[in-house]
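Data block below; observations after.
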Amino acid sequence: MKNDRFLRALLRQPVDMTPIWIMRQAGRYLPEYREIRSRAKNFMTLCQTPELACEVTMQPLARFPLDAAILFSDILTIPDAMGLGLYFTEGEGPRFERPIRTKAQIDNLGVPDPNEDLRYVMDAVSLIRRELDGRVPLIGFSGSPWTLATYMIEGGTTKNFSQVKGLMFEQPDVMHSLLDKLAQTVTSYLNAQIAAGAQAVMIFDTWGGILTNRDYLAFSLNYMQKIVQGLTREYEGQRVPVILFTKEGNEWLEKIAATGCDALGLDWKLPIGEARKRVGDKVALQGNMDPCILYSSPERIREEVASILASFGNGNGHVFNLGHGIHPQIDPEHVKELVEAVHSLSAVYHQS
């Protein structure tokens, strides 16, 4: 592979500079993405057409010297394959035609076959790997069982999580049966992505941080750990690193690190140096710049990059990223400044 520093960093191996990729790096902040999105009928057409998903995945790599590509898809492809009827409305985000809220509905959910019901994702992964031709690694991903369940039960985005928490508190056994089914599905889905060509995988636990300590461990982390234990960790002689990311999950870093994952994704609330002290050399760390820094001047962006690199300090095991997804209004020139700053300022931390 021409550039494997992302994979090496996830495995805490020596690199020449800190690698960087950006959550939602293929998306609405790029004019070329907006152009292809206007040609497609809707967002799901982009996801379900492998050639379009490949084109969108490759767009940021044509602009910036990023160290990884991430599959262009959506975390809600799984519940869509389970028959919930995913659709997107402008300004409102994802919605489901048939949310699930009863034991009978959950019992009737089938576990989709990723190579049949989600074949378009696997075809996109294979196509992207061929198009990358070893240039940088490809990341596959899924939502966590808890995060998927929140959308499936609420029927879309929500502010108070009343439906999902109501079911969790009133009928915990029913919630556990749904989460167990989702854990099986996510495991097979990610393993299929690995078989199709994904060289690292990431689990996005977007809504784990809304839970109490007790409920996070029981209803979120418990199922992510089951997935980690069931994943293909080596494929074609290469280690396949696993990244876990719980937004607003800083109080549980030690417990997340103990799942057996290779790396933790961090939001921007905790200095990365403090996170490193807490988890030691157990896992690599990915993060953790506030996305809003990218609204500021190139000089301020560079200053923030320097601060985060200094906080992590010398040694291996850091993948630079934002603390969450890039905003649609960000100037691509500011992203260019970010990537160049990470590469140019980080080499000093990797000198032996």
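When reading the values below, keep in mind they use all heavy atoms of this one structure, side chains included, and skip hydrogens, waters and symmetry mates.
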(request) Kindly say whether Val111 contributes a backbone atom to a donor-acceptor pair with the side chain of Thr185 at under 3.5 angstrom? (result) no

(request) Please round to the nearest 0.5 Å and tell me the distance separating atom CG of Leu244 and atom CD1 of Ile203. (result) 5.0 Å

(request) Please answer whether the main-chain N or O of Ile153 pairs with a side-chain N or O of Arg101 as donor and acceptor at a distance below 3.5 Å. (result) yes

(request) Search all heavy atoms of Pro271 against all heavy atoms of Asn288 and return the closest pair with its distance. (result) C-ND2, 4.4 Å

(request) Answer yes if the ring centres of Tyr151 and Phe96 are under 6.0 angstrom apart, and no otherwise. (result) no

(request) Verify, without hydrogens or angle tests, whether Gln193 (side chain) and Phe141 (backbone) share a donor-acceptor contact under 3.5 angstrom. (result) yes

(request) Decide whether Asp67 and His343 meet the rule of one side-chain donor and one side-chain acceptor closer than 3.5 Å. (result) yes

(message) Quick check against the 3.5 Å criterion: does Arg63 have a side-chain atom that pairs as donor or acceptor with the backbone of Leu30?
(response) no

(message) With a 4.0 Å cut-off on N to O distance, would you call Asp262 and Arg239 a salt bridge?
(response) yes

(message) If you define the side chain from C-beta out and look only at heavy atoms, does anything of Leu253 sit under 4.5 Å from Leu270?
(response) yes

(message) Looking at every non-hydrogen atom in both residues, tell me the closest pair between Asp80 and Met44 and how far apart they are.
(response) OD2-CE, 4.0 Å

(request) Could you tell me whether Arg28 atom CZ has more than 12 heavy atoms of other residues or ligands within 6.0 Å of it? (result) no

(request) For the residue pair Thr49 and Glu51, establish whether any side-chain heavy-atom pair is separated by less than 4.5 Å. (result) yes

(request) Give a yes or no on whether the backbone of Thr150 and the side-chain of Glu154 come within a donor-acceptor separation of less than 3.5 Å. (result) no

(request) Look at Arg39 together with Glu35 and state whether they make a salt bridge at an N to O cut-off of under 4.0 Å. (result) yes

(message) Suppose we call two aromatic rings close when their centres sit under 6.0 Å apart. Are Phe43 and Phe72 close by that rule?
(response) yes

(message) Show, in sequence, the C-alpha distance, side-chain angles and deciding distance for Arg300 and Glu303, and conclude whether the salt bridge (Lys or Arg N to Asp or Glu O under 4.0 Å) test is met.
(response) CA-CA 5 Å; Arg300 182 66 185 87; Glu303 181 184 306; 3.5 Å; yes

(message) Less than 4.5 Å apart, side chain to side chain, heavy atoms only: is that true for Leu109 and Lys181?
(response) yes

(request) Would you mind checking if Glu274 and Lys277 are paired as a salt bridge, meaning a charged N to carboxylate O distance below 4.0 Å? (result) no

(message) I'd like to know if Met152 and Tyr87 are part of one continuous hydrophobic network [Ile/Leu/Val/Met/Phe/Trp/Tyr, side-chain heavy atoms within less than 4.5 Å].
(response) no

(request) Output yes when a side-chain donor or acceptor of Arg12 lies under 3.5 Å from a complementary backbone atom of Gly317, and no otherwise. (result) no

(request) Would you give the length of the straight line joining atom CD1 of Ile227 to atom CE of Met224, rounded to the nearest 0.5 angstrom? (result) 8.0 Å

(message) Would you say Ile75 ends up clustered with Met23 if hydrophobic residues are merged whenever their side chains have heavy atoms under 4.5 Å apart, either directly or through other cluster members?
(response) yes

(message) Does any part of the side chain of Gln286, heavy atoms only, come nearer than 4.5 Å to the side chain of Phe245, both counted from C-beta?
(response) no

(request) Please report the closest heavy-atom contact between Asn3 and Pro137, naming both atoms and the distance. (result) O-CD, 3.3 Å

(message) To the closest 0.5 Å, what do you measure between NZ (Lys255) and CG (Asn222)?
(response) 13.5 Å

(message) Within this structure, what is the CD-CG distance for the pair Gln225 and Leu217, rounded to the nearest 0.5 Å?
(response) 10.5 Å

(message) Working note: Glu251 + Tyr216, criterion side-chain contact (heavy atoms from CB on, under 4.5 Å); need CA distance, chi angles, decisive distance, verdict.
(response) CA-CA 11 Å; Glu251 69 177 284; Tyr216 174 77; over 6 Å; no

(request) Apply the side-chain hydrogen bond (donor to acceptor under 3.5 Å, both in side chains) test between Asp16 and each candidate in His350, Arg5, Gln351, Arg8; give the one that qualifies. (result) Arg5

(message) Within the 4.5 Å heavy-atom criterion, are Phe219 and Pro172 side-chain neighbours or not?
(response) yes

(request) Please lay out, stage by stage, how Leu338 and Leu322 fare under the test side-chain contact (heavy atoms from CB on, under 4.5 Å). (result) CA-CA 10 Å; Leu338 166 64; Leu322 303 179; 4.2 Å; yes

(request) Say whether Val319 and Leu11 are linked into one hydrophobic cluster, either directly or through other cluster members, by side-chain heavy-atom distances under 4.5 angstrom. (result) no

(message) Can you classify the ring geometry of Trp21 versus Phe6 as parallel (below 30°), tilted (30 to 60°) or perpendicular (above 60°)?
(response) perpendicular

(message) If we ignore hydrogens and angles and just use 3.5 Å, is the side chain of Arg98 paired with the main-chain N or O of Gly83 as donor and acceptor?
(response) yes

(request) Using modelled atom types only, decide if a donor and an acceptor are shared between the side chain of Gln25 and the backbone of Ala68 within a distance under 3.5 Å. (result) yes

(request) Considering non-hydrogen atoms only, spot the tightest contact between Ala9 and Val15 and give its length. (result) N-CG1, 4.0 Å

(request) For the residue pair Thr77 and Tyr189, confirm or rule out a side-chain donor-acceptor distance under 3.5 Å. (result) yes

(message) Restricting to non-hydrogen atoms, name the atom on Asp267 and the atom on Gly249 that form the minimum distance, rounded to 0.1 Å.
(response) OD2-N, 4.2 Å

(message) Can you confirm whether or not the ring centre of His327 sits under 6.0 Å from the ring centre of Tyr295?
(response) yes

(message) Quick check: do Leu148 and Val186 have side-chain heavy atoms less than 4.5 Å from each other?
(response) yes

(message) Quick check for you: to the nearest 0.5 Å, what is the distance between Arg278 atom CZ and Leu264 atom CG?
(response) 9.5 Å

(message) Whether Asp180 and Lys226 form a salt bridge (side-chain N of Lys/Arg under 4.0 Å from carboxylate O of Asp/Glu) is what I want to check.
(response) yes

(message) Check whether Thr57 reaches the backbone of Ala53 with its side chain - one donor and one acceptor, N or O, closer than 3.5 Å.
(response) yes

(message) Walk me through whether Arg130 and Ser126 qualify under side-chain contact (heavy atoms from CB on, under 4.5 Å).
(response) CA-CA 6 Å; Arg130 288 200 301 274; Ser126 299; 4.0 Å; yes

(message) Measuring from atom NZ of Lys269 to atom CG of Asn250, what distance do you get when rounded to the nearest 0.5 angstrom?
(response) 8.0 Å

(request) Might you point out which heavy atoms bring Pro145 and Leu182 nearest each other, and give the distance in Å? (result) O-CD1, 3.5 Å

(request) Please answer: with hydrophobic residues joined when any side-chain heavy atoms are less than 4.5 Å apart, are Met168 and Val174 in the same cluster? (result) yes

(message) Do Ile22 and Val335 make a side-chain contact, defined as non-hydrogen atoms from C-beta onward lying under 4.5 Å apart?
(response) yes

(message) Please check if the number of heavy atoms outside Asp281 that lie under 6.0 Å from its CG is greater than 12.
(response) no

(message) Angle between ring planes, Tyr29 versus Phe64, binned at 30° and 60°: parallel, tilted or perpendicular?
(response) parallel

(request) Report yes or no: does Thr147 contribute a side-chain atom to a donor-acceptor pair with the main-chain N or O of Thr206 at less than 3.5 Å? (result) yes

(message) Would you say that Leu84 contacts Pro99 through its side chain, given a criterion of any heavy-atom pair below 4.5 Å between the two side chains?
(response) no

(request) Evaluate the criterion side-chain contact (heavy atoms from CB on, under 4.5 Å) for residue pair Phe204 and His324; output intermediate values, then yes/no. (result) CA-CA 10 Å; Phe204 288 88; His324 203 247; over 6 Å; no

